Amino acid sequence: INDTLFADFVQSYTEVQTHVKIDPDTGTVASGALWTTEYLPAESLLYVNVFLEEDLEFSLPSSLWLGGDITTGKGLVKVVEVRG
């Protein structure tokens with residue numbers, strides 16, 4: 001797709017969540033603890049080509065984590081092997 005259409009998809013369909021860290025002693029926002037996280041829509045399809053030597057044994061996991069938000073439950077993806 002062209003750059004304009006891609007920019008529209010990113011701006012319209014990427015979930016953006018703003019987070020703050022609260023200092024437990026003061027009950028206020030900790031210094032420098034404001035950040036945003038961007039997520040792909042749940043229905044997103046990602047793909048990768050994997051090329052292996054014919055005699056190499058390799059199996060894909062059924063799921064894996066992508067990104068750094070494993071503790072929030074985000075980033076869990078299902079892996080599906082498609083052979084052409």
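Along the sequence shown, residues are numbered consecutively beginning with 1. What you see is a predicted model, and the numbers here were worked out from it, not measured in a lab.
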Can you hop from [X] to [Y] via hydrophobic side chains spaced under 4.5 Å?
X     : Y     : answer
Phe6  : Tyr13 : yes
Ile1  : Val10 : yes
Leu64 : Leu46 : yes
Val79 : Leu40 : yes
Leu66 : Val48 : yes

**Item:** Atom of Val20, atom of Trp35 and distance for their closest heavy-atom approach
**Value:** C-CZ3, 3.9 Å
**Message:** On a heavy-atom basis, which atom in Glu15 and which in Gln17 lie closest, and how many Å separate them?
**Reply:** OE2-NE2, 2.6 Å
**Prompt:** So do the side chains of Leu45 and Tyr47 get within less than 4.5 Å of each other, counting heavy atoms only?
**Reply:** no
**Prompt:** Hey, does Ile22 have a side-chain heavy atom less than 4.5 Å from the side chain of Val29?
**Reply:** yes
**Prompt:** Rest of the hydrophobic cluster containing Val82 (Ile/Leu/Val/Met/Phe/Trp/Tyr, side-chain heavy atoms under 4.5 Å)?
**Reply:** Val80
**Message:** How long is the straight-line distance from OG1 of Thr36 back to NE2 of His19, given to the nearest 0.5 Å?
**Reply:** 8.0 Å
**More than 12 heavy atoms from other groups under 6.0 Å of CG on Asn2** = yes
**Asked** What do you reckon, is CG of Leu5 surrounded by more than 12 foreign heavy atoms closer than 6.0 Å?
**Response** yes
**Prompt:** Looking at residues at least two apart in the chain, or sitting in another chain, which of them share a side chain to side chain donor-acceptor pair (under 3.5 Å) with Ser62?
**Reply:** none
**Message:** I'd like to check the side chain to side chain contact (heavy atoms under 4.5 Å, CB included) partners of Glu43; sequence neighbours left out, ordered by chain and number.
**Reply:** Pro41
